[in-house]
J.: 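I'd like to ask some things about the structure below.
Below, read A as the first sequence line, B as the second, and so on, with proteins coming before strands; counting in each chain starts at 1.
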Amino acid sequence: MAKGKKLTTRAENYPEWYNELVKKADLAENSEVRGCMVIKPYGYAIWERMQAILDQMFKDTGHVNAYFPLFIPKSFLSREADHVEGFAKECAVVTHHRLMASPDGKGVVVDPSAKLEEELIVRPTSETIIWSTYRNWIQSYRDLPLLINQWANVVRWELRTRMFLRTTEFLWQEGHTAHATSEEAIEEAERMLGVYAEFAENTLAIPVIQGLKTERERFAGALETYCIEGLMQDGKALQAGTSHYLGQNFAKAFDVRFANKDNKEEFVWATSWGVSTRLMGALIMTHSDDEGLVLPPVLAPFQLVIVPIYRQDDEKELVLNKVAELAAELKAAGIRVKLDDDDTKKPGWKFAEWELKGVPIRLAVGPRDLANGKIEVARRDTKTKEVQDLDDTFIERMKKLLDEIQFSIYERAKNFREENTTQVDSWEEFKAQLDKPVPGFIFAHWDGTTETEEKIQAETKATIRCIPIGNPAEEGVCIYSGKPSRQRVMFAKAY
RNA sequence: CGAGGUGUGGCGCAGUCCGGUUAGCGCACCUGCUUUGGGAGCAGGGGGCCGCAGGUUCGAAUCCUGCCACCUCGACCA
């Protein structure tokens with residue numbers, strides 16, 4: 001495994017730091033396929049933790065999993081006008097189904113006789129294929145609500161990609177629900193936004209702002225898009241999850257109707273909601289430092305790593321026996337433990353390696369400790385270490401320490417966000433704030449028009465990330481147009 | 001899609017301007033010995049059609065033409 005010793009620091013070059021960290025921590029690497037990454041076992045283990053926890057949250061809120069096709073007939077996509085307009089520019093299209101030996105004898109070419117009658121689109125999202133299916137599943141109000149989620153890969157042919165943050169193919173989950181009333185669908189969209197916010201804060205330890213997108217930033221085909229927004233260490237916002245209230249748009253496009261209790265026919269009300277492997281990027285950019293990844297204990301594939309230290313064979317046996325015993329006790333207490341007994345690496349190497357990989361707690365045990373009944377405990381988040389008594393309360397203390405780390409990195413991220421959240425009341429102030437090294441979240445008055453929104457973006461690259469939920473009403477004037485405004489909205493530069 | 005840049009053992013690079021024995025360095029890898037509490041040391045060793053295709057030349061990693069790929073930054077987007 002090729003590895004330089006040090007990461008580029010965040011201060012030197014933030015994007016470079018990010019890329020190096022993703023590769024050196026063994027999370028992912030660029031593949032031979034343009035814009036597509038290989039998620040490596042360690043990175044995938046983190047994603048699997050996210051999946052497991054989210055999946056349980058979905059099930060606890062009444063959802064079930066299903067799976068729909070990867071391919072979508074081209075005609076389906078165009079059924080909903082806004083939807084096709086939103087995705088048309090970034091679709092991978094399957095046109096043929098057979099290859100043949102090349103006439104010049106070199107390799108294979110597409111067999112022109114195997115042209116598809118109707119092209120297939122590799123799904124950029126599944127609303128269309130799912131709603132075409134729901135048509136057959138829903139006849140009566142008794143079939144509602146229909147609460148389905150799928151874990152899948154999707155393809156969006158982006159012009160520029162970055163590992164985890166924006167790749168051509170990415171993994172995600174997409175919930176697609178059908179309801180008898182508008183109220184119920186809105187309630188569902190808001191409920192799932194709440195699930196995402198809870199997951200971000202409790203599992204990922206990422207504080208998020210919940211809000212509504214402006215009309216311009218809305219999902220293609222949605223009446224309302226809810227989102228959670230996190231603030232990364234470089235002062236840019238990252239959209240970490242979205243939940244859409246789709247109204248009856250897709251029901252109308254795919255003719256999905258149901259008989260209500262009064263035996264009147266109505267179109268079904270819809271939501272969709274999703275989070276993707278982009279959460280990995282959010283995780284990295286919220287907590288990690290110049291030494292590498294910092295993982296929240298709830299999510300870490302290994303919560304605690306034990307590094308045994310010894311010189312001669314007799315010491316080795318003594319130490320390994322003791323740490324194996326300790327590892328077993330920690331595991332029995334429900335802690336995910338890695339015992340790094342790799343004999344080909346030195347302790348110093350292991351320390352650096354596990355720091356790079358963000359394991360929350362590291363224990364080091366050598367003959368010296370054994371003789372004194374001690375153990376060295378190092379925290380990844382604070383990079384502090386202390387020698388502790390290895391007594392019968394030790395396991396319990398480690399469990400508490402994991403809780404403390406989870407809480408502590410959340411608090412640290414929240415403090416960072418609060419320190420980098422500002423209110424501005426003039427265009428000059430606004431621009432000055434955006435020119436700072438860490439622009440952060442900026443609350444300012446906006447006249448509510450798309451025109452102004454676009455002009456602000458054109459001049460500053462900042463966008464309205466959301467109109468926060470529960471935003472207080474406040475009379476003011478738009479920082480750009482000077483027109484009246486009833487509330488502040490949240491601006492930021494975004495990923 | 002615009003602007004820059006880069007393609008040389010697994011990884012990171014030098015060499016290219018000014019063509020000339022056997023293409024070099026660091027890391028990684030293999031063997032052995034010594035080591036092991038913050039990315040070990042010494043000794044020995046293996047691995048390259050220098051992005052691809054043409055061309056110029058006695059001779060090309062180096063010069064010329066064309067192509068391809070990737071990266072960074074912008075515009076567009078989860």
J.: Taking the same atom, C1', in G41(B) and in U35(B), what whole-Å distance lies between them?
T.: 8 Å
J.: What does Lys383(A) touch in the nucleic acid at a heavy-atom separation under 4.0 angstrom: a base, only the sugar-phosphate, or nothing?
T.: nothing
J.: Quiz question: going by heavy-atom distance under 3.5 Å, is there a donor-acceptor pair between the base of G37(B) and the side chain of Lys350(A)?
T.: no
J.: Write down the distance separating the C1' atoms in A28(B) and G46(B), rounded off to the nearest Å.
T.: 13 Å
J.: Map Thr242(A) and Thr161(A) onto RNA chain B by nearest heavy atom, then report which one ends up closer to the 5' terminus.
T.: Thr161(A)
J.: Let me know the distance between NZ of Lys24(A) and P of G39(B), rounded to the nearest Å.
T.: 17 Å
J.: Decide yes or no, distance alone: a donor-acceptor N/O pair under 3.5 angstrom between the base of G38(B) and the side-chain of Arg362(A).
T.: yes
J.: Is the count of non-hydrogen atoms from other residues, nucleotides or ligands lying under 6.0 Å from Arg311(A) atom CZ greater than 12?
T.: no
J.: Measuring only the C1' atom in each nucleotide, how far is G51(B) from C42(B)? A whole number of Å is fine.
T.: 38 Å
J.: With respect to the side chain of Lys461(A), which nucleotide from A78(B), A75(B), G37(B) is positioned closest?
T.: A75(B)
J.: What is the distance from CZ of Arg162(A) to P of U72(B), rounded to the nearest Å?
T.: 7 Å
J.: If I pick the C1' atom on A69(B) and the same atom on G26(B), what distance separates them, to the nearest angstrom?
T.: 26 Å
J.: Would you tabulate the side-chain donor-acceptor contacts of residues 290-303 of chain A under 3.5 Å, counting partners in other chains and residues two or more places apart, or write 'none'?
T.:
unit_1	atom_1	unit_2	atom_2	d
Asp290(A)	OD1	Arg10(A)	N	2.9
Asp290(A)	OD1	Arg10(A)	NE	2.8
Glu291(A)	OE1	Lys383(A)	NZ	2.6
Gln303(A)	OE1	Arg336(A)	N	2.8
Gln303(A)	NE2	Pro297(A)	O	3.1

J.: Take atom CH2 of Trp157(A) and atom P of A78(B), then tell me their distance rounded to the nearest Å.
T.: 18 Å
J.: Answer yes or no: does atom CG of Asp314(A) have more than 12 heavy-atom neighbours from other residues, nucleotides or ligands under 6.0 Å?
T.: yes
J.: Between Glu353(A) and Arg362(A) (salt bridge meaning N to carboxylate O under 4.0 Å), is one present in this structure?
T.: no
J.: When the P atoms of U65(B) and C25(B) are compared, how many Å lie between them, rounded to an integer?
T.: 33 Å
J.: How would you label the contact of Pro15(A) with the nucleic acid (heavy atoms, under 4.0 Å): base, sugar-phosphate, or nothing?
T.: sugar-phosphate
J.: Among G37(B), A75(B), G39(B), which is the nearest nucleotide to the side chain of Glu376(A)?
T.: G37(B)
J.: Taking atom CD as the centre, does Glu16(A) end up with more than 12 heavy-atom neighbours from other residues, nucleotides or ligands that are less than 6.0 angstrom away?
T.: yes
J.: Between C76(B) and Gln457(A), is there an OP1 or OP2 to side-chain N/O distance shorter than 4.0 Å?
T.: yes
J.: Taking 4.0 angstrom as the limit, do Lys350(A) and Asp341(A) come out as a salt bridge?
T.: no
J.: Taking only side-chain N and O atoms of Lys346(A), does any of them lie within less than 4.0 angstrom of OP1 or OP2 on G37(B)?
T.: yes
J.: Phosphate oxygens OP1/OP2 of C71(B): is one of them under 4.0 Å from a side-chain N or O of Asn19(A)?
T.: no
J.: Just list the side-chain donor-acceptor pairs under 3.5 Å for residues 273-284 of chain A, sequence neighbours left out, or say none.
T.:
unit_1	atom_1	unit_2	atom_2	d
Trp273(A)	NE1	Glu188(A)	OE2	3.4
Trp273(A)	NE1	Thr271(A)	OG1	3.3
Ser276(A)	OG	Arg278(A)	N	3.0
Thr277(A)	OG1	Leu171(A)	N	3.4
Thr277(A)	OG1	Leu171(A)	O	3.3
Arg278(A)	NE	Leu165(A)	O	3.1
Arg278(A)	NH1	Gln239(A)	O	3.3

J.: Select base, sugar-phosphate, or nothing to describe what Phe219(A) touches, counting heavy atoms under 4.0 Å on all strands.
T.: nothing
J.: What is the nucleic acid contact for Glu90(A), judged by heavy atoms within less than 4.0 Å: base, sugar-phosphate only, or nothing?
T.: sugar-phosphate
J.: Rounding to an integer number of Å, can you tell me how far Tyr495(A) OH sits from A75(B) P?
T.: 14 Å
J.: What is the nucleic acid contact for Thr167(A), judged by heavy atoms within less than 4.0 Å: base, sugar-phosphate only, or nothing?
T.: base
J.: Among Lys23(A), Lys40(A), Lys24(A), which residue satisfies the salt bridge (Lys or Arg N to Asp or Glu O under 4.0 Å) criterion with Glu29(A)?
T.: Lys40(A)
J.: Check every strand shown and say whether Asp369(A) touches a base, only sugar-phosphate, or nothing at a heavy-atom separation below 4.0 Å.
T.: base
J.: How close or far is atom P of A28(B) from atom CD of Glu353(A), stated in whole angstroms?
T.: 13 Å
J.: Could you run through RNA chain B and flag its stems, i.e. three or more consecutive Watson-Crick or G-U pairs with both distances under 3.5 Å?
T.: B:1-7 with B:68-74, B:10-13 with B:24-27, B:29-34 with B:40-45, B:51-55 with B:63-67
J.: If you measure from the C1' atom in G44(B) to the same atom in U6(B), how many Å do you get, rounded?
T.: 36 Å
J.: Starting at the 5' end of RNA chain B and moving along, which residue's nearest nucleotide shows up first, Arg160(A) or Tyr310(A)?
T.: Tyr310(A)
J.: With rounding to whole Å, what would you report as the distance between A60(B) and C68(B) at their P atoms?
T.: 26 Å
J.: Give one of base, sugar-phosphate or nothing for Leu165(A), where a contact means two heavy atoms less than 4.0 Å apart.
T.: base
J.: Charged N to carboxylate O under 4.0 angstrom, Asp343(A) versus Lys316(A)?
T.: yes
J.: Whole-Å distance between C73(B) C1' and Leu159(A) CG?
T.: 14 Å
J.: Could you give the CD-to-C1' distance, from Gln312(A) to U34(B), as a whole number of Å?
T.: 11 Å
J.: Using the C1' atom on both, measure G7(B) against G12(B) and round to a whole Å.
T.: 13 Å
J.: Could you tell me whether the side chain of Lys213(A) and the main chain of Arg465(A) form a donor-acceptor pair under 3.5 Å?
T.: yes
J.: In whole Å, what is the span from the CG atom of Leu279(A) to the C1' atom of A78(B)?
T.: 10 Å
